[in-house]
Asker: 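Okay, handing you the structure first.
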Amino acid sequence: MAKFIVTGGAGFLGSHLVDKLLHEGHEVVVLDNLVTGLESNLSSVAKNPNLTWVYQDVSAPWHDHGKVDGIFHMASPASPIDFVPLSVEILKVGSLGTLHALEYAKKHGAWYFQASTSEVYGDPTVHPQGESYLGNVNCLGVRGVYDEAKRFSESLVTAFHRREKVRTSIVRIFNTYGPRMRKNDGRVIPNFITQALDNKPITIHGDGKQTRSFCYVDDLIAGIYNFWIHQPQGPINLGNPVERNMLDVANIILEKTNSKSKLVFLPLPEGDPLQRCPVIDKAKIELQWKPKVSFEDGIDKTIEYFKSVL
Ligand code: NAD
Ligand code: UDP
């Protein structure tokens, strides 16, 4: 069995990854400063003797947590509502945080995993997006802090791979949803579900025709775990290639929640990509992975979660 550090392990994806690693019998050290995470996300595993949870800002210098076999760098605010209030913190965790994690991996001869994002493709001019597409990002735009932080992370990871011979992997995660997203997270699925359950207006940005491809969290975590097994360098896209627009998403959620909410149309936020859909051929080949959970089933499970926490 192996020992891992998971930065951002109290967050939405990080905590599901921690569950999976513990379930597989591994030892896990979580480093998280709870800027967007919740300690309660780890409550079901809090008593597991293989889990250590440390309050730490990973953009600040790291303490030693002993020799590890792998580091999953998951820490970063990820919701567009945080891109202004947490702009500097996002740039720091994507640069300094990534640097500290890579130096730790180098020191211990550990494998390093970078949680990157479909946002490195920006507002894409190529559709769907394969890993060879170089992207269309405005470094000065509101989303630039997140996009460029992740692009910088990918460059730094590649530098450590190329020059320092650290074993590294990069995943580009497309929109993922599920239980443990914060109800005030700001991303579209928790927003629409909480609005629908409260019978409050469903806030559609723009005309609602912009598309995303939504992956259920269990599928994504299975794919991330396969990175540890196969250790491909990447970058590799992980996401569910079924594309849908935000009006369809709203209508599915309204129907499933029997909600009386009405749609309200708000301006499209600056730089909001009009379309996004992954090519997942590399993941199928190099990770032997493809998503299994339908949007309908994933949304049912997510609605049940929000009903239990609202
Ligand atoms: P999240 O906000 O739920 O989790 C992020 C976690 O990182 C939180 O627990 C937060 O407290 C922690 N964190 C942030 N900055 C930190 C710092 N400086 N020091 C220590 N901890 C810090 O978001 P998420 O959706 O779970 O995203 C996890 C990772 O996956 C992020 O790197 C994000 O960019 C990436 N990602 C997520 C998605 C998605 O759809 N969920 C898509 C693309 C990429
Ligand atoms: N969105 C929306 N209403 C909301 C929140 C988001 O219409 O209340 C839109 C948002 O403008 C974007 C899409 O839903 O076009 C996905 O947004 P999210 O913040 O979930 O992720 P991202 O834009 O980073 O893909």
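All of these numbers come straight from a predicted model, not from anything done at the bench. All ligand and atom numbering here is 1-based and tracks the order in the structure.
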Asker: Compute the shortest N/O to N/O distance between Q195 and ligand 2 and return yes if it is under 3.5 Å, no if not.
Answerer: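 No: no nitrogen or oxygen of Q195 is under 3.5 Å from one in ligand 2.
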Asker: Against heavy atoms of K150, which atoms of ligand 1 measure under 4.0 Å?
Answerer: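 Near K150, meaning under 4.0 Å from one of its heavy atoms, ligand 1 has 31 (C), 32 (O), 33 (C), 34 (O).
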Asker: At under 4.0 Å between heavy atoms, which part of I173 makes contact with ligand 1: side chain, backbone, both or neither?
Answerer: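 The answer is both.
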Asker: Answer yes when R151 and E154 have at least one side-chain N-carboxylate O distance shorter than 4.0 Å, and no when they do not.
Answerer: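 Judged by the 4.0 Å cut-off on N to carboxylate O distance, R151 and E154 do not form a salt bridge.
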Asker: So, D272 and R212, do they make that salt bridge, N to O below 4.0 Å?
Answerer: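 So D272 pairs with R212 through a salt bridge.
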Asker: Check ligand 1 against N175 and write out every atom of the ligand that is under 4.0 Å from a heavy-atom position of the residue.
Answerer: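 What qualifies from ligand 1 is 40 (O).
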Asker: Of the protein's non-hydrogen atoms, which lies at the shortest distance from atom 30 (O) of ligand 1, and what is that distance?
Answerer: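 Among all protein heavy atoms, the one nearest atom 30 (O) of ligand 1 is L13 CD1, 3.6 Å.
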Asker: Have S169 and W111 got a donor and an acceptor in their side chains that come within less than 3.5 Å?
Answerer: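 Judged by distance alone, the side chains do pair up.
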Asker: Of all the atoms in ligand 1, which lie at a distance below 4.0 Å from a heavy atom belonging to Q56?
Answerer: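 Per the distance check, 19 (N), 20 (C).
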Asker: Does a donor on one side chain and an acceptor on the other come within less than 3.5 Å for S87 and Y146?
Answerer: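 No, no side-chain donor-acceptor pair sits under 3.5 Å.
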Asker: Using a plain distance cutoff, I'd like to know if L38 has any nitrogen or oxygen under 3.5 Å from a nitrogen or oxygen of ligand 1.
Answerer: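 No: no nitrogen or oxygen of L38 is under 3.5 Å from one in ligand 1.
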Asker: Can you tell me which residue and heavy atom of the protein come closest to atom 19 (N) of ligand 1, and the distance to 0.1 Å?
Answerer: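 Residue, atom and distance for the closest contact: V58 N, 2.9 Å.
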Asker: Charged N to carboxylate O under 4.0 angstrom, K307 versus E304?
Answerer: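 Result for this pair is yes, salt bridge flagged.
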Asker: Quick test of your reading of the structure: of V188, D185, D147, whose heavy atom lies closest to atom 6 (C) of ligand 2?
Answerer: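 Result: the heavy atom closest to atom 6 (C) of ligand 2 is in V188.
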Asker: Would you kindly specify which portion of Y177 sits under 4.0 Å from ligand 1, judged on non-hydrogen atoms: side chain, backbone, both or neither?
Answerer: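 No part of Y177 comes within reach of ligand 1.
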Asker: Under 4.0 Å from a heavy atom of G8: which atoms of ligand 1 are those, numbered in the order shown and with their elements?
Answerer: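 Listed by number with element: 6 (C), 7 (O), 9 (O), 12 (C).
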Asker: Take E24 and K20, measure what salt bridge (charged side-chain N to carboxylate O under 4.0 Å, His left out) needs, and give me the verdict at the end.
Answerer: CA-CA 6 Å; E24 296 292 333; K20 171 73 176 165; 2.8 Å; yes
Asker: Please could you name the atoms of ligand 2 that I204 approaches to less than 4.0 Å, counting only its heavy atoms?
Answerer: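 Per the distance check, 7 (O).
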Asker: Let me confirm one number: the CD-CG distance from Q275 to D123, rounded to the nearest 0.5 Å.
Answerer: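 So the gap between those two atoms works out to 7.5 Å.
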Asker: Within less than 4.0 angstrom of ligand 2, does G186 place any heavy atom?
Answerer: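 Per 4.0 Å heavy-atom rule, G186 contacts ligand 2.
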Asker: Heavy atoms only, cut-off 4.0 Å: how does S116 contact ligand 1, side chain, backbone, both, or neither?
Answerer: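 Backbone only; the side chain of S116 stays clear of ligand 1.
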Asker: Please compare H205, Q275, R276, R143 and report which has the shortest non-hydrogen distance to atom 9 (C) of ligand 2.
Answerer: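 Residue with the shortest heavy-atom distance to the ligand atom: H205.
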Asker: With atoms numbered from 1 as shown, which atoms in ligand 1 lie under 4.0 angstrom from a non-hydrogen atom of P77?
Answerer: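 Listed by number with element: 14 (C), 15 (N).
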Asker: Any side-chain heavy-atom pair from I252 and F295 closer than 4.5 angstrom?
Answerer: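 Of all side-chain heavy-atom pairs linking F295 with I252, at least one is under 4.5 Å.
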Asker: Over 60° means perpendicular and under 30° means parallel, so classify the ring planes of F214 and Y177, tilted if in between.
Answerer: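 Judged by the thresholds at 30° and 60°, the geometry between Y177 and F214 is perpendicular.
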Asker: Which ligand 2 atoms are under 4.0 Å away from a heavy-atom of N191?
Answerer: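 The atoms of ligand 2 under 4.0 Å from a heavy atom of N191 are 4 (C), 5 (C), 8 (O).
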Asker: Compute whether any side-chain donor of one residue and acceptor of the other, for R172 and S116, lie under 3.5 angstrom apart.
Answerer: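 Per modelled atom types, R172 and S116 side chains form no pair under 3.5 Å.
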Asker: What residue and atom, counting heavy atoms only, is the protein's closest point to atom 10 (C) of ligand 2, and at what distance?
Answerer: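 Its nearest protein heavy-atom neighbour is D272 OD2, 3.3 Å.
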Asker: Is there a polar contact, in the sense of an N or O pair closer than 3.5 Å, between T117 and ligand 1?
Answerer: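 No, there is no polar N/O contact under 3.5 Å.
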Asker: Do you know the tightest heavy-atom contact between I202 and A250?
Answerer: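 Between these two residues, the closest heavy atoms are CG2-CB, 4.0 Å.
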Asker: Looking only at non-hydrogen atoms, which of Q210, E119, R212 approaches atom 16 (C) of ligand 2 most closely?
Answerer: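 Answer by nearest heavy atom: R212.
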Asker: Is the closest side-chain heavy-atom distance between F12 and D185 below 4.5 Å?
Answerer: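 No; the side chains remain at least 4.5 Å from each other.
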Asker: Could you find the nearest protein heavy atom to atom 13 (C) of ligand 2 and give me its residue, atom name and distance?
Answerer: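 Checking every protein heavy atom, the shortest distance to atom 13 (C) of ligand 2 gives M246 SD, 3.8 Å.
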Asker: Hydrogens and angles aside, do T211 and E243 bring a side-chain donor and acceptor to less than 3.5 Å of each other?
Answerer: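 Note: T211 and E243 side chains meet the donor-acceptor criterion.
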Asker: Once you restrict to heavy atoms under 4.0 Å, what part of D57 touches ligand 1? Side chain, backbone, both or neither.
Answerer: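 It is both backbone and side chain that touch ligand 1.
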Asker: Are S59 and H100 linked by a side-chain donor-acceptor pair shorter than 3.5 Å?
Answerer: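 H100 and S59 do not have a side-chain donor-acceptor pair below 3.5 Å.
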Asker: Taking only heavy atoms of S59, which atoms of ligand 1 are found under 4.0 Å from at least one of them?
Answerer: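 Within the 4.0 Å cut-off of S59, ligand 1 contributes 18 (N).
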Asker: At the 4.0 Å heavy-atom cut-off, does F192 count as touching ligand 2?
Answerer: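 F192: in contact with ligand 2 (<4.0 Å).
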Asker: Of the non-hydrogen atoms in G122 and P124, which two are nearest, and what is the gap between them?
Answerer: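 Scanning both residues completely, I find the closest heavy atoms to be O-CD, 3.0 Å.
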Asker: Can you name the atoms of ligand 1, numbered from 1 with element, that are less than 4.0 Å from a heavy atom of A10?
Answerer: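 It comes down to these atoms of ligand 1: 9 (O).
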Asker: If you measure every N or O of V93 against every N or O of ligand 1, does any of those distances drop under 3.5 Å?
Answerer: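 N/O-N/O distance below 3.5 Å does not exist for this pair.
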Asker: Let me know which of F4, F227, Y225 forms a ring pair (Phe, Tyr, Trp, His ring centres under 6.0 Å) with F113.
Answerer: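 One option only clears the test, and that one is F227.
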Asker: Assess, by modelled atom type and distance only, whether the side chains of D300 and Y305 contain a donor and an acceptor separated by less than 3.5 Å.
Answerer: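 Side chains of D300 and Y305: no pair found under 3.5 Å.
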Asker: Hey, looking at atom 25 (O) of ligand 1, which of R187, M181, E119 has the closest heavy atom?
Answerer: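 Comparing heavy atoms across R187, M181, E119, the nearest one to atom 25 (O) of ligand 1 lies in R187.
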Asker: So which protein heavy atom does atom 27 (O) of ligand 1 come closest to, and at what separation?
Answerer: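 Answer for atom 27 (O) of ligand 1: A78 CB, 4.0 Å.
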Asker: Within the 4.0 Å heavy-atom shell around N175, which atoms of ligand 2 are there?
Answerer: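 Those of ligand 2 that fall under 4.0 Å from N175 are 21 (O), 22 (P), 25 (O).
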Asker: Is it the side chain, the backbone, both or neither of R182 that has a heavy atom closer than 4.0 Å to ligand 1?
Answerer: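 None of R182 does.
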Asker: Which residue and non-hydrogen atom of the protein lie closest to atom 4 (C) of ligand 2, and at what distance in Å?
Answerer: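 Checking every protein heavy atom, the shortest distance to atom 4 (C) of ligand 2 gives T203 O, 3.3 Å.
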Asker: Is the shortest side-chain heavy-atom distance between W53 and V28 below 4.5 Å?
Answerer: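 The answer is no; the side chains never approach within 4.5 Å.
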Asker: Counting from 1, what ligand 1 atoms have a heavy atom of L34 closer than 4.0 Å?
Answerer: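 What qualifies from ligand 1 is 11 (O).
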Asker: Under 3.5 Å, is there a donor-acceptor pair linking the side chains of T203 and Q195?
Answerer: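 Per modelled atom types, T203 and Q195 side chains form a pair under 3.5 Å.
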Asker: May I ask which of L31, D32, L42 has a heavy atom nearer to atom 9 (O) of ligand 1 than the others do?
Answerer: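 The residue whose heavy atom sits nearest atom 9 (O) of ligand 1 is D32.
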Asker: Look at the aromatic rings of W62 and H65 and report parallel, tilted or perpendicular, splitting at 30° and 60°.
Answerer: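 Perpendicular: the ring planes of W62 and H65 meet at over 60°.
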Asker: Would you tell me which option among G37, G14, S76 has the nearest heavy-atom contact to atom 5 (C) of ligand 1?
Answerer: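 Going through G37, G14, S76 one by one, S76 has the nearest heavy atom to atom 5 (C) of ligand 1.
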Asker: Ignoring angles and geometry beyond distance, decide whether N33 reaches within less than 3.5 Å of ligand 1 through its nitrogen or oxygen atoms.
Answerer: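 Yes, at least one N or O pair falls under 3.5 Å.
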Asker: What do the steps show when you test R167 against Q231 for side chain to side chain donor-acceptor pair (under 3.5 Å), and what is the final call?
Answerer: CA-CA 8 Å; R167 288 174 295 131; Q231 303 196 4; 2.9 Å; yes
Asker: For atom 3 (O) of ligand 1, what is the nearest protein heavy atom, given as residue, atom name and distance?
Answerer: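 It is F12 N, 2.8 Å.
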Asker: For E119 and Y121, does a side-chain donor sit closer than 3.5 Å to a side-chain acceptor?
Answerer: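 There is no such pair (donor and acceptor under 3.5 Å, judged by atom type) between the side chains of E119 and Y121.
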Asker: Name the closest protein heavy atom to atom 14 (C) of ligand 1, giving the residue it belongs to and the distance to 0.1 Å.
Answerer: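 Checking every protein heavy atom, the shortest distance to atom 14 (C) of ligand 1 gives V35 CG1, 3.3 Å.
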Asker: How far is atom 36 (N) of ligand 1 from its nearest protein heavy atom, and which residue and atom name does that atom have?
Answerer: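 Heavy-atom neighbour on the protein nearest atom 36 (N) of ligand 1: Y146 OH, 3.8 Å.
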Asker: Would you say I189 has any N or O atom under 3.5 Å from an N or O of ligand 2, going by distance alone?
Answerer: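 Min N/O separation from ligand 2 is not below 3.5 Å for I189.
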